[in-house]
Amino acid sequence: MNNSPAAPARRAEVLAAGAATVTVVLWASAFVSIRSAGEAYSPGALALGRLLAGALTLGVICLLRRETWPPRSAWRGIGISGVLWFGFYMVALNWGEQQVDAGTAALVVNIGPVLIALLGARLLGDPMPPRLLAGMAVSFAGAVTVGLSMSGEGGSSVLGVVLCLLAAVAYAGGVVAQKPALGSASPLQVTTFGCLVGAVVCLPFAGQLVQEAAQAPASATLNMVYLGVFPTALAFTTWAYALSRTTASRMGATTYAVPALVVLMSWLFLGEVPGLLTLAGGALCLAGVAVSRSRAAARAGVPGAVAERRPEQAPDSAR
């Protein structure tokens, strides 16, 4: 039975799900660290420090694994995702979160997975099965509930909302661009060089980073380094690994688990006790993710994984 043709596919699916879980947990933890580091570092300096720590970590891993340069065919996707997702997204999100309350930021940024699904269907030929659409609808409702329950009075500005919206667009564009690059380059290559591109984009903030690092408390700097090593270097690599084995739309839907985990981590580590409405929204987020990642029963003996592999071969390039 272990020699069944379906066994390798099942194992690959389990590994991809595990990688996606690592990504979601670490990205949720990033919100807690950003709060601490953001008190001492400006948005651009924080993004650059995070990317430099991530690039250094990934560079060491590449040297140990003797990774080569990505093939030429992958550079377009790596470059676009590096500029949009690793660079612009991180600066815009850091800046936006200083202008609006956490609930509003979470609400606006969670438009990203919807945009990923739309762009994935248009540019990559991703399928849009009813379960995925239903799960995303449930999760988005949960994200709205969490956002509204966490929104403070008068804590938002037009600039902050626009920045968070731009961050969501950059996130979606970066993910859709990254997907074709994973067809010819490894997840580690795509993540490492995307992170380097993002760091280059953020180099204009180098002066701010040096000045602020000299005055920042050790806890803020350690949180910035943590953001680079774990939510960036590790989580973006596990994300790329999982993305290479499924569609951009399904991976985007998976990130709807982040708001629920942020609520839990804020409760555990920051002492922020969530209200019933927040807990209900978090439960909806998780329920929607479960629905979007489930599969209808296989028909005619053809597993659902087979149907999902075809879009990965799309040569198009476009988080």
Side-chain angles (χ1 to χ4, degrees), residues 27 30-31 33-60 62 69-70 74-100 105 108-109 112 157-178 181 189-233 235-237 239 317-319:
W27 281 355
F31 284 86
S33 292
I34 287 173
R35 289 194 194 183
S36 173
E39 295 177 359
Y41 289 96
S42 58
L46 177 58
L48 177 58
R50 174 180 178 176
L51 288 167
L52 289 175
L56 179 61
T57 303
L58 289 164
V60 170
C62 283
W69 283 72
W75 270 106
R76 183 183 178 189
I78 290 173
I80 294 174
S81 65
V83 171
L84 290 180
W85 194 7
F86 287 87
F88 183 85
Y89 166 81
M90 290 193 182
V91 176
L93 182 62
N94 291 343
W95 190 5
E97 287 191 358
Q98 292 183 358
Q99 304 292 319
V100 301
V108 178
V109 172
S157 70
V158 174
L159 174 61
V161 172
V162 170
L163 286 168
C164 289
L165 181 59
L166 289 174
V169 173
Y171 159 49
V175 169
V176 175
Q178 192 183 64
Q189 289 174 323
V190 170
T191 305
T192 300
F193 288 92
C195 189
L196 284 171
V197 170
V200 171
V201 169
C202 293
L203 279 179
F205 302 106
Q208 291 181 6
L209 176 60
V210 172
Q211 289 180 344
E212 293 168 8
Q215 302 175 357
S219 60
T221 301
L222 287 174
N223 271 291
M224 181 174 66
V225 173
Y226 169 82
L227 287 168
V229 175
F230 293 97
T232 303
F236 274 77
T237 303
W239 163 276
S317 64
R319 166 182 196 204

CG-CG distance between Asn94 and Leu46, expressed to the nearest 0.5 angstrom: 4.5 Å
Closest approach of Ala167 to Ala92 (non-hydrogen atoms, all atoms of both residues): CB-CB, 4.1 Å
Glu212 CD to Thr221 OG1 distance, which is reported to the nearest 0.5 Å: 10.0 Å
Within 6.0 angstrom of Tyr226 OH, more than 12 heavy atoms from elsewhere: yes
Heavy-atom closest pair, residues Cys62 and Thr192: SG-OG1, 3.3 Å
Contact check, side chains of Val201 and Phe88, non-hydrogen atoms, under 4.5 Å: no
Phe205 side, atom CZ; Gln211 side, atom CD - distance, nearest 0.5 Å: 13.5 Å
For the student: nearest non-hydrogen atoms of Ser36 and Ser219, plus distance: OG-O, 4.3 Å
Ile78 CD1 to Thr191 OG1 distance, which is reported to the nearest 0.5 Å: 9.0 Å
Heavy-atom side-chain proximity of Leu163 to Gln98 below 4.5 angstrom: no
Heavy-atom pair with the smallest gap, counting every atom of Leu159 and Trp95: CD2-CZ2, 4.2 Å
Taking every non-hydrogen atom, the tightest pair across Ser81 and Gln178: CB-CB, 4.1 Å
Exercise: identify the closest heavy-atom pair between Leu51 and Cys202: CD1-SG, 3.8 Å
Val200 vs Leu196 side-chain heavy atoms within contact, under 4.5 Å: no
Side chain to side chain, Met90 and Leu227, heavy atoms closer than 4.5 Å: no
Note, Glu39 side chain near Pro217 side chain (heavy atom, < 4.5 Å): no
Phe236 and Trp85 aromatic ring geometry - parallel, tilted or perpendicular at 30°/60° bounds: tilted
